[in-house]
**Q** 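Pasting in a structure now, in structure tokens, and then I'll have a few things to ask.
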Amino acid sequence: MSTVTADTHAHEHADDHAHVGGFLSTYVFSRDHKIIGLQFLFSTLLWFVVGGLLAMGVRWQLAYPWSDMPVFGKLLFAAEGGQISPEFYTVLFTMHATVMIFLVIIPILAGAFGNYLIPLMIGADDMAFPTLNMLSYWFMWPAFLAFGSSFFVEGGAAGAGWTSYPPLTVLNSASPGSVNGQSLWLIGVLCVGVSSMMGSINYLTTIIQMRAPGMTMFRLPMTIWAMFITAVLQAFALPVLTAAGFMQLADRELGTGFFLPEGVAANNALPAAGGGHPLLWQHLFWFYSHPAVYIMILPAMGMVSDIIACFARKPLFGYKPMVYSIAAIAGLGFIVWGHHMFLSGMNPMLGMTFMVSTMFIALPSAIKTFNWLGTVWGGRIQFTTPMLFALSFVSMFIIGGLSGIFMAATPVDIFIHDTYFIVAHFHYVLFAGTAMAVWGAIYFWFPKMFGRMMNEPWGKVHFFLTFVFLNCTFYPMHILGLVGFPRRLADPYHYETFRHLMPLNQFMTWCAIGMFATQIIFAINFFSSIFMGKKVGRNPWHANSLEWMAPSPPGHGNFDFQPIVYRGPYEYGSPEVETDYYPQTQPPPEKQGDD
Amino acid sequence: MFYGSRWIRTPENPKLNVPPGEDAAVNRFWCIVFLLVPILGVATFIVAPYYNIWFPRDVSTHGVTIDNLFMFILWLTGILFIGTEWALFQFTWKYDAERNPEPVKFSHGEHTLEVVWTIVPAVILLFIAIYQMDAWAAAKMRKPNIRPTAEIAGRQFNWDVRYPGADQQLHTLDDIVRYDGNIHLPMGEDVLLVIKSQDVLHSFFLPNLRLKQDVIPGMEQAMWFYAKDTGKFDVVCAELCGWGHYKMKARLTLQTRSEFDKWLAETYKAEQAMKVATVDQ
């Protein structure tokens with residue numbers, strides 16, 4: 001077997017390359033896709049903590065409104081006397097969503113895993129444009145600084161929701177966060193957009209041009225297919241957000257009126273010259289941000305497909321339908337943005353059109369779920385930590401997917417729009433779905449990234465506690481939504497309708513705190529395993545795809561041999577070979593020939 | 001190697017294809033954790049109404065359509081939810097590498113199955129889409145041809161109400177305008193409201209009437225309903241409108257027509273008296 005012979009020569013080559021250049025060019029301004037991937041990973045995990053703390057603030061206020069927040073209250077908002085003010089509450093949920101979406105989920109999927117895995121999984125030595133790749137990471141820093149510093153400017157950070165609907169965001173006098181924070185928010189989002197754009201062009205070029213010999217498009221792992229289609233989504237949707245962002249910035253700083261009707265004013269300020277329309281922003285924003293919802297889930301779906309096939313020791317069920325359904329999600333994703341605007345004042349006839357397209361986007365998601373179940377069926381399942389996270393992704397995505405149908409039904413949406421039902425829905429997709437998949441992916445590819453295993457028993461404790469706490473936190477939000485419990489309210493309990501919901505919210509808050517605390521187990525496991533984890537070889541999980549044929553961790557240039565691909569990545573349990581896995585690079589037995 | 005070289009499947013010992021050191025009982029535990037998802041998920045929806053964590057009382061005529069549509073989708077998705085989660089549990093339980101002696105089913109997919117599970121959900125989704133169109137049209141498109149009973153204007157952070165006076169016309173001299181967050185409206189008849197905003201976006205949300213509509217500065221919209229009961233209800237702002245969004249609260253009083261007319265007349269008289277008093281000073 002050629003791969004085994006190649007193995008033995010691995011380390012000398014890898015070491016040769018690792019010492020090229022000094023510390024700065026190797027680890028800081030690196031153009032190596034793996035270092036850039038890890039830079040993205042560490043930065044986003046750090047912001048994950050910040051986003052989590054902001055969520056704790058939101059939860060505390062919902063459980064114990066206007067009371068001193070223990071420990072963190074004094075640390076985080078000493079100026080407020082440890083209490084959350086109504087202004088600060090709007091900042092909390094706005095920046096929680098902003099940080100989680102723009103600084104965690106999008107960059108951890110595309111930035112961290114996309115960067116790390118794409119060249120390795122297609123058998124390339126690096127990205128097509130290494131310098132552009134480096135810039136895509138460093139363009140995140142202006143965003144980090146803009147979002148981070150906005151907390152300390154006059155008026156505080158943006159507090160108009162991550163959707164930033166004008167006129168609230170454009171009229172300086174309308175909200176404290178709209179004095180300065182909103183401009184910094186827009187600059188931050190624009191920088192994230194530039195970073196994503198550089199990344200997506202790079203991914204597209206790399207996947208199209210740099211596949212190893214024999215790696216046809218239909219031999220790509222699902223992770224790569226998902227990253228590819230995500231990059232297409234970003235490339236087509238981002239220009240619209242960028243334009244909209246500049247328009248809002250112009251409205252705020254240059255006095256234009258793209259999003260302001262004539263004569264609108266807040267707090268007795270001078271009326272705007274106007275000429276624009278607030279709904280224009282919503283259309284432009286959701287034209288990007290609805291595809292962005294799929295940018296935030298498709299790579300997770302791809303990684304979960306790879307993990308499930310590997311630990312079911314069975315080929316992925318329905319590879320081509322899986323690819324087609326990702327493509328269908330991406331295609332339909334561009335014509336459903338209006339379902340965020342059913343009640344916005346948009347023509348109700350248009351709402352009906354968007355309702356039909358929205359109903360149909362549930363279809364490819366259903367096909368994917370059935371195929372995951374088909375993959376598990378008849379396998380020999382190993383309950384490793386990554387597999388548990390991947391299976392929980394399927395289980396949770398079913399909930400998040402099905403709850404979407406309620407809101408797609410326009411008459412039902414009249415009642416549950418902007419209630420906790422939608423909060424439950426997107427947390428089931430983004431936290432119980434994407435975040436769980438990301439954890440699974442970290443446990444799965446950690447041995448490749450650092451050459452060591454993460455601790456399995458502690459990984460399972462982390463999984464179990466996270467799984468229990470997340471369901472206790474997010475599942476009750478569905479029934480809160482049924483009461484009409486509105487989102488983004490600092491104190492919902494002075495409404496008679498919602499007064500009796502406080503005990504349930506307190507239970508949810510304590511579960512959220514438990515969920516946050518559980519991540520300490522993960523952090524300890526992650527950082528100690530980098531230095532003390534059990535050392536492993538190239539292919540600890542006995543997986544098929546190309547990255548497992550490279551050394552762990554791969555040196556500069558990735559492969560110490562030229563990978564040649566003979567088959568798809570999911571040939572587990574193939575009758576052709578003795579082993580229950582069949583790496584993509586392993587030449588077929590001589591008698592049978594290549595088919 | 002993580003699991004050692006025993007991973008290799010040999011004809012002499014096919015069962016060696018199992019990671020050593022994994023406890024079979026622990027695998028059972030994980031399967032049951034996944035089984036608890038549908039069990040507790042369904043139980044939550046059964047128990048919630050007993051704690052009054054359910055739809056608030058509906059006093060509109062159209063609300064029952066919305067609630068029924070919700071229940072219909074709840075049943076449909078509930079069955080799918082139980083079915084798929086059960087399948088996940090069943091497969092993980094049965095095909096656990098520790099217990100399942102059979103070799104894996106070396107299958108890359110099944111064309112017929114793919115076609116079935118594409119077409120069946122497609123038909124169901126198309127049915128839901130068409131089924132609900134009428135309710136949506138009734139709620140947002142079939143505006144009744146009557147004079148507006150009142151005009152509601154949102155501003156940071158209050159709902160102002162303007163009633164047409166005796167001349168039945170809005171924005172004339174005999175209008176009655178209230179800024180105190182109390183909205184009075186008649187029951188037992190079609191009510192048409194004009195809703196608008198003076199500054200930023202708001203959303204006029206009446207949970208007990210199953211009504212919600214965002215209001216936009218520079219745009220007048222209509223909202224209509226037929227209330228079948230009297231009482232006092234919450235009016236919520238459901239679109240973020242600034243730091244005081246949480247306190248943008250109003251109370252809706254639904255009255256019979258005669259009581260409503262009486263209240264309107266009294267309020268008009270009180271307002272005129274106030275105006276006269278102000279002029280006198």
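Within every chain, numbering begins at 1; the chains are lettered A, B, ... in the order of the sequence lines, protein sequences first and strands thereafter.
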**Q** Treating B:N100 as the side-chain partner and A:R380 as the backbone partner, does any N or O pair qualify as donor plus acceptor under 3.5 Å?
**A** no

**Q** Relative to chain A, which segment of B:Y51 carries a heavy atom at a distance below 4.5 Å: side chain, backbone, both, or neither?
**A** backbone

**Q** When you look at B:N52 and A:H500, which way does the side-chain contact (heavy atoms from CB on, under 4.5 Å) test go after all the steps?
**A** CA-CA 8 Å; B:N52 196 23; A:H500 64 294; 4.0 Å; yes

**Q** Tell me the closest heavy-atom pair linking A:M359 and B:A129, and the distance in Å.
**A** CG-CB, 3.9 Å

**Q** Which bit of A:P476 comes within less than 4.5 Å of chain B, counting heavy atoms only: side chain, backbone, both or neither?
**A** neither

**Q** With a 4.5 angstrom heavy-atom cut-off, could you sort out which part of A:L501 is near chain B: side chain, backbone, both or neither?
**A** side chain

**Q** Determine, step by step, whether A:E571 and B:F106 satisfy the side-chain contact (heavy atoms from CB on, under 4.5 Å) criterion, reporting the C-alpha distance in whole Å, the side-chain angles of both residues, the deciding distance to 0.1 Å, and the verdict.
**A** CA-CA 8 Å; A:E571 299 303 294; B:F106 187 70; 3.4 Å; yes

**Q** Is the ring pair A:F415/B:F55 parallel, tilted or perpendicular, if the boundaries are 30 and 60 degrees?
**A** tilted

**Q** Return the orientation label for the A:F317 and B:W117 ring planes: parallel under 30°, perpendicular over 60°, tilted otherwise.
**A** tilted

**Q** Please classify the contact of B:V235 with chain A as side chain, backbone, both or neither, using a heavy-atom distance under 4.5 Å.
**A** backbone

**Q** Of all of A:A265, A:P492, A:S178, which one pairs up most often with chain B through heavy atoms under 4.5 Å apart?
**A** A:A265

**Q** So for B:Y131, is it side chain, backbone, both, or neither that comes closer than 4.5 Å to the heavy atoms of chain A?
**A** neither

**Q** State, to 0.1 Å, how close B:W243 and A:P176 come at their nearest heavy-atom pair, and which atoms those are.
**A** CD1-CD, 4.2 Å

**Q** State whether the side chain of B:Q156 and the backbone N or O of A:A174 hold a donor-acceptor pair below 3.5 Å, judged by distance alone.
**A** yes

**Q** When only pairs under 4.5 Å are counted, which of A:V394, A:V264, A:T410 shares the most heavy-atom pairs with chain B?
**A** A:T410

**Q** Rounded to the nearest 0.5 Å, what separates atom NZ in B:K140 from atom CG in A:N347?
**A** 12.5 Å

**Q** Give me the atom names and distance for the closest heavy-atom approach of A:L363 to B:A122.
**A** CD1-N, 3.6 Å

**Q** Flag the one option from B:C241, B:A87, B:A139 with the top tally of heavy-atom pairs under 4.5 Å to chain A.
**A** B:C241

**Q** So which residue, B:S197, B:P49, B:G78, B:G242, ends up with the most heavy-atom pairs under 4.5 Å with chain A?
**A** B:G242

**Q** Parallel, tilted or perpendicular for B:F70 and A:F421, by the 30°/60° rule?
**A** perpendicular

**Q** Any chance you could lay out the side-chain contact (heavy atoms from CB on, under 4.5 Å) test for B:K232 and A:E496, step after step, and finish with the verdict?
**A** CA-CA 10 Å; B:K232 281 178 180 285; A:E496 224 168 64; over 6 Å; no

**Q** Can the ring centroids of A:F383 and B:W30 be said to lie less than 6.0 angstrom from one another?
**A** no

**Q** Identify which of B:R210, B:R155, B:H111, B:Q198 forms the greatest number of heavy-atom pairs closer than 4.5 Å to chain A.
**A** B:R210

**Q** Taking side chain as C-beta onward, heavy atoms only, is B:F45 less than 4.5 Å from A:Y475?
**A** yes

**Q** List the atom of B:M133, the atom of A:M352, and the distance in Å for their closest heavy-atom pair.
**A** O-CE, 3.5 Å

**Q** Do A:P167 and B:L201 touch side chain to side chain, with heavy atoms closer than 4.5 Å?
**A** yes

**Q** Heavy-atom pairs under 4.5 Å with chain A are the metric here; pick the option from B:L74, B:L40, B:L206, B:D67 that has the most.
**A** B:L74

**Q** For a 4.5 angstrom cut-off between non-hydrogen side-chain atoms, does B:F91 reach A:L373?
**A** yes

**Q** Hey, what do you get for OG1 (A:T497) to CZ (B:R57), rounding to the nearest 0.5 Å?
**A** 11.0 Å

**Q** Tell me, side chain or backbone of A:T90 under 4.5 Å from chain B's heavy atoms, or both, or neither?
**A** side chain

**Q** Using every non-hydrogen atom in the two residues, find where A:F370 and B:P121 come nearest and quote the distance to one decimal.
**A** CE1-CG, 4.1 Å

**Q** Go through B:E110, B:R99, B:K94 and name the one with the most non-hydrogen pairs under 4.5 angstrom from chain A.
**A** B:E110

**Q** Pairs of donor and acceptor atoms involving the side chains of residues 480-489 of chain A, under 3.5 Å and at least two apart or interchain, shall be tabulated with distances.
**A**
residue	atom	partner	partner atom	Å
A:R487	NH1	A:D418	OD1	3.3

**Q** At a heavy-atom separation under 4.5 Å, does A:L260 approach chain B through its side chain, its backbone, both, or neither?
**A** neither

**Q** Rounded at 0.5 Å granularity, tell me how far CE in B:M141 sits from CE in A:M349.
**A** 4.0 Å

**Q** Given heavy-atom pairs under 4.5 angstrom as the criterion, report whether the side chain, backbone, both or neither of B:Q221 touches chain A.
**A** side chain

**Q** Atom CD1 in A:I405, atom CG in B:L80: separation rounded to 0.5 Å?
**A** 7.0 Å

**Q** Atom CH2 in A:W162, atom CG in B:L240: separation rounded to 0.5 Å?
**A** 14.0 Å

**Q** Could you please spell out the steps behind the side-chain contact (heavy atoms from CB on, under 4.5 Å) verdict for B:V200 and A:Y165?
**A** CA-CA 9 Å; B:V200 298; A:Y165 282 0; over 6 Å; no

**Q** Please say which of B:T92, B:V104, B:D96 ends up in a side-chain contact (heavy atoms from CB on, under 4.5 Å) with A:I381.
**A** B:T92

**Q** To check you understand the geometry: which heavy-atom pair defines the closest contact between B:T118 and A:I367, and what is its length?
**A** OG1-CD1, 3.5 Å

**Q** Report yes or no: does A:H417 contribute a side-chain atom to a donor-acceptor pair with the main-chain N or O of B:K212 at less than 3.5 Å?
**A** no

**Q** Just so I understand: if I count every heavy-atom pair under 4.5 Å between each of B:M248, B:H245, B:E114, B:K247 and chain A, which residue has the most?
**A** B:E114

**Q** Identify which part of B:V37 has an atom lying under 4.5 Å from any heavy atom of chain A, answering side chain, backbone, both or neither.
**A** side chain

**Q** Tell me, for B:I66 versus chain A, whether the close heavy atoms (under 4.5 Å) come from the side chain, the backbone, both or neither.
**A** both

**Q** Side chain, backbone, both or neither: which part of A:Y493 has a non-hydrogen atom closer than 4.5 Å to chain B?
**A** neither

**Q** Can you say whether B:Q213 sits under 4.5 Å from chain A via the side chain, the backbone, both, or neither, judging by heavy atoms?
**A** both

**Q** Look at A:F467, A:W372, A:Y319, A:Y89 and state which one has the largest set of heavy-atom pairs under 4.5 Å with chain B.
**A** A:F467

**Q** For B:R251, which atoms come within 4.5 Å of any heavy atom of chain A: side chain, backbone, both, or neither?
**A** side chain

**Q** Highest number of heavy-atom pairs under 4.5 Å with chain B: which of A:G263, A:S395, A:G161, A:G351?
**A** A:S395

**Q** Go through A:I399, A:L171, A:N371 and name the one with the most non-hydrogen pairs under 4.5 angstrom from chain B.
**A** A:N371

**Q** So A:L343 and B:F204, do their side chains get closer than 4.5 Å, heavy atoms only?
**A** no

**Q** If we only count heavy atoms from C-beta on, is the A:H277 to B:I216 side-chain gap below 4.5 Å?
**A** yes

**Q** Go through A:P261, A:G374, A:G379, A:G318 and name the one with the most non-hydrogen pairs under 4.5 angstrom from chain B.
**A** A:G379

**Q** Examine distances only and state if a side-chain atom of B:H108 and a backbone atom of A:Y570 form a donor-acceptor pair shorter than 3.5 Å.
**A** no

**Q** For the atom pair CD1 (A:I414) and NE2 (B:H62), what is the distance rounded to the nearest 0.5 Å?
**A** 6.5 Å

